[in-house]
Structure formats: structure tokens, C-alpha cells
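We name chains A, B, ... by the order of the sequence lines, and we start the count at 1 in each one. All values below come from the heavy atoms of this structure, side chains included, with hydrogens, waters and symmetry mates left out.
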Protein chains: 2
Amino acid sequence: MHLNRLPMNALHSLNGELSRPDLESRAGPDDHDDLRLWLRLLTCCNLIEGDIRRRLRIDFETTLPRFDLMAQLLRVPEGMKMSELSRHMMVTNGNITGITDQLEKEGLVERLKVASDRRSSIIRLTPKGKRAFKKMADAHEHWIQSLFSGLSDKSRKALFDALGELKLLAQTRLAARD
Amino acid sequence: MHLNRLPMNALHSLNGELSRPDLESRAGPDDHDDLRLWLRLLTCCNLIEGDIRRRLRIDFETTLPRFDLMAQLLRVPEGMKMSELSRHMMVTNGNITGITDQLEKEGLVERLKVASDRRSSIIRLTPKGKRAFKKMADAHEHWIQSLFSGLSDKSRKALFDALGELKLLAQTRLAARD
DNA sequence: TATTGTTATACTCTATAACTATA
DNA sequence: TATAGTTATAGAGTATAACAATA
């Protein structure tokens with residue numbers, strides 16, 4: 001099928017895959033291309049995401065959702081409503097409350113009451129939160145770069161474009177089911 | 001508040017992104033390409049994986065790890081050792097025990113003692129498990145195809161190759177840290 | 001009536017580590 | 001000593017649903 005992947009060494013199994021076992025190795029010769037593509041995508045993502053989670057925990061005693069929430073806030077210095085955060089992070093409201101509670105307790109974010117709608121809160125990073133997040137974001141960027149830096153420019157560009165196409169497709173088709 | 005559901009119109013934010021909020025929208029103009037690429041990859045994966053999990057739960061009352069375990073077994077009719085499953089699924093041994101317990105209780109897999117090594121078990125699908133899994137796998141393949149079918153052939157091919165490169169990179173670099 | 005945010009809850013997934021029985 | 005599998009535990013992550021206050 002798809003031989004000649006990358007630098008060929010002797011480590012291929014009979015059907016042309018690398019011998020390192022992973023999720024993709026569950027694909028059989030009769031499985032279709034889209035399925036193989038999906039398994040490869042999932043394997044890549046899980047590998048990298050798992051590493052990021054591990055490092056966030058070990059180096060910063062934090063988690064990916066906490067990191068994500070702070071990342072969202074950094075870009076909007078005036079803060080965001082919790083419902084906005086919920087949409088961006090694609091999780092339900094209650095979870096945002098929980099993460100916000102933790103971060104607020106540690107002095108990294110603060111809730112502000114908004115006059116125009118007394119149900120709403122605006123969440124924003126405190127100065128301490130900004131400093132703490134910038135350290136993490138720097139490290140995070142280095143982790144990512146050290147993983148992606150070996151990619152050829154061609155692959156990097158191809159990935160970015162093709163994933164853009166896929167994301168739009170997925171968002172469109174999934175939203176169409178509501 | 002949810003205007004702009006679907007078809008593409010003039011709804012781009014200033015920096016050329018779609019207005020639909022997602023994880024990638026946390027990237028700022030000063031963030032580097034690799035980081036944006038990673039966020040896009042993560043968003044794609046989360047969208048699709050979330051949908052798969054939801055459908056597995058609703059249509060088949062099962063979960064992704066259970067599905068994955070059965071998928072691994074289908075390809076090896078004679079069964080696999082639990083430690084092999086653990087490697088392939090990239091989770092620790094205890095978790096394989098847990099999932100296997102569930103599936104065994106439902107009659108979908110069976111443990112066989114192996115004579116040559118009395119510590120080991122071979123796990124394999126029962127006939128009932130095979131039938132049940134094939135139904136799920138068919139549905140699963142349709143879900144995937146209905147999401148990916150809109151991809152251009154060019155993008156599909158580019159994705160597959162570039163992800164192959166990335167997977168190898170990630171596996172190599174992450175393994176190098178042990 | 002609908003929305004914002006909170007609370008309570010339950011379940012899956014996962015890693016860690018201590019344990020057993022073999023090898 | 002090392003490995004195969006089990007058990008127990010704790011925490012992450014998430015969804016669901018009921019609720020209060022406000023729109």
C-alpha cells in the first residue's frame with residue numbers, strides 16, 4: 001500500500017507499517033483510507049497531547065484545561081464571560097465554573113461583576129496569573145517546537161492547510177446535526 | 001446568540017480565522033507556526049473524537065477504549081496477550097485488566113490460559129463479540145467517511161503522508177526520553 | 001420563557017503503586 | 001530479579017440535570 005514512508009530502515013512489518021505498535025496498527029488491509037487516516041491522526045494527537053499533559057503536571061503542577069483557560073484569557077486582557085469561555089473551550093458551563101474556582105483560589109484569575117447583566121461574570125487573569133501563564137506558555141511553545149521542528153517545511157504547510165480544510169468540514173457537519 | 005451557524009459567508013475575524021470559536025482561536029498573532037499547527041491538529045482531533053465517543057455511547061452503549069480493544073482483537077483471531085494489548089493501546093496494564101473484565105462479563109471477549117507461561121492470558125473475541133464488533137465497526141467507518149469524504153484527494157494524501165512523518169518524529173523523540 | 005452561572009453527581013479514563021504468581 | 005497480570009486508589013475530565021437569579 002503506502003510503502004516508502006520516511007527514511008527507510010529495516011523496521012517495517014510485513015504490511016509496510018513501522019513495527020512500533022500503536023492505535024493505527026489496529027487497521028487491517030481491508031480498512032479504508034479514511035479510517036487509516038483517522039487512526040493516524042488520533043495517534044499523533046494522543047502522543048503529543050499526552051506529553052503536554054505530563055509536562056504541565058510535572059513542571060507546573062497544572063492541567064491542560066487550566067492551561068487552555070488561561071491561554072484564552074491572555075488574548076483578551078479585558079476578560080471574557082464564562083459562557084464565552086465555555087463556547088471556546090467546547091465544554092459545558094459547569095466545568096468552566098470548576099476550573100475558574102481553582103484558578104481563582106490560587107489568585108491566577110479573578111471574577112468581575114458586570115453592571116449591564118447581573119447574571120454574568122467577567123473572568124480575567126490577575127497580574128500574578130499573567131506572569132505565571134507566560135512562563136508556562138514559553139515552555140509549552142518550546143515543547144511543541146521541539147516536537148515539530150523536525151517536520152519538513154512542505155509537510156508543515158501541507159498539514160496546516162489540510163487540517164484547516166478538515167476542521168471546517170468537521171465543524172460544519174457536526175453543527176448541522178443540531 | 002448563535003447566528004452564523006453554517007455556510008461560509010463574510011464571517012471572518014480580523015486575522016482570517018473563521019468566527020466559530022474553538023481552541024485554535026486562542027492563538028495570537030505573535031504565536032509561532034508550530035503552535036498554531038498544533039492547536040489546529042488538536043481541535044480537529046477533539047471534534048472528531050468527541051463525536052465518535054458520543055455516537056459509540058448513544059448507539060452502542062460503549063466507549064472508545066472498549067471499541068479500540070475489540071478492534072485490536074478482531075485483527076488477531078487467535079487472540080493477544082494483555083501485555084501486547086497494553087503496548088498497542090498505549091495504556092498501562094491495570095487499565096487493560098479493567099476493560100477486559102467488563103467485556104468478559106458481557107460475553108464479548110474471553111480469557112484463555114496459556115500452557116507455556118502460566119502468568120499470561122490470551123484475550124480473544126468470542127463469536128458474540130465478533131458479531132457485535134462488526135456492527136460497531138461498520139457504523140464507525142460510516143461516521144468517519146461521512147466526516148472525511150468532503151476532503152479533497154490532495155488534502156487526504158497530504159494529510160496521510162505528513163501525519164506519518166509527524167507520528168514517526170513524535171514517537172522517536174518521546175521514546176528518546178526514557 | 002430563556003439564559004447565566006452554580007451545584008451536585010456520576011461515570012469513564014488514566015497513572016501509580018503495591019501485590020501475587022510465575023519465570 | 002524480572003515479568004504478567006491484578007487490585008486499589010486517586011485524580012482528571014466530562015456530561016447531565018436541577019437550581020437560583022436575572023433577562
Taking only the side-chain nitrogens and oxygens of R118(B), find out if one of them lies under 4.0 Å from OP1 or OP2 of dT22(C). yes
Candidates dT14(D), dT6(C), dT7(D) - which lies nearest the side chain of D101(B): dT7(D)
Along DNA chain D (nearest heavy atom to each residue), the more 5'-positioned of D117(A) and G94(A): G94(A)
Starting at atom CD of E49(A), determine the distance to atom P of dG13(D), rounded to an integer number of angstrom. 9 Å
Please determine if a side-chain N or O atom of S121(B) lies less than 4.0 Å away from the OP1 or OP2 oxygen of dA4(D). no
For the residue pair T100(A) and T97(A), confirm or rule out a side-chain donor-acceptor distance under 3.5 Å. no
Out of dT3(C), dT6(D), dA15(D), which has the shortest distance to the side chain of R119(A)? dT3(C)
Measure the distance from CD1 on I58(A) to P on dG11(D) and round it to the nearest whole Å. 16 Å
Report yes if some heavy atom in the side chain of Q102(B) is under 4.5 Å from a heavy atom in the side chain of K105(B); otherwise report no. no
Do T92(A) and N95(A) have side-chain N/O donor and acceptor atoms under 3.5 Å apart? yes
Looking at R53(A), does any N or O in its side chain come under 4.0 Å of the phosphate oxygens OP1/OP2 on dG13(D)? yes
Any side-chain N or O of R111(A) below 4.0 angstrom from OP1/OP2 of dT6(C)? yes
Taking only residues two or more places apart in sequence or in another chain, which ones pass ring-ring contact (aromatic ring centres under 6.0 Å, His included) with F133(B)? F67(B)
Rounding to an integer number of Å, can you tell me how far K81(A) NZ sits from dT3(C) P? 12 Å
Does this structure show an ion pair linking E61(A) with R57(A), if we count only N-O contacts that are shorter than 4.0 Å? no
Phosphate-side-chain proximity, N93(B) and dT6(D), N/O vs OP1/OP2 below 4.0 Å: no
Round to the nearest Å and state the distance from I122(B) atom CD1 to dG5(D) atom C1'. 13 Å
Do NZ/NE/NH1/NH2 and the carboxylate oxygens of K135(B) and D59(B) come within less than 4.0 Å? no
T92(B) vs dT16(C): side-chain N/O to OP1/OP2 distance below 4.0 Å: no
In residues 62-73 of chain A, which residues come under 4.0 Å of DNA chain D by heavy atom? T63(A), L64(A), P65(A)
Under the side chain to side chain contact (heavy atoms under 4.5 Å, CB included) test against M70(A), which residue among T62(A), L108(A), I99(A) passes? L108(A)
Could you tell me how far apart N95(A) (CG) and dA10(C) (C1') are, to the nearest whole angstrom? 13 Å
Looking at dA15(D), dA23(D), dT6(D), which one has an atom nearest to any side-chain atom of T97(B)? dT6(D)
What's the CD-C1' distance between E84(A) and dT3(C), to the nearest Å? 14 Å
Do K134(A) and D138(A) meet the salt-bridge criterion of a basic N to acidic O distance under 4.0 Å? no
From CG of N46(B) over to C1' of dA12(D), roughly how many Å is that when rounded to an integer? 15 Å
Return the value, rounded to whole Å, for the distance between atom CD1 of I99(B) and atom C1' of dT6(D). 15 Å
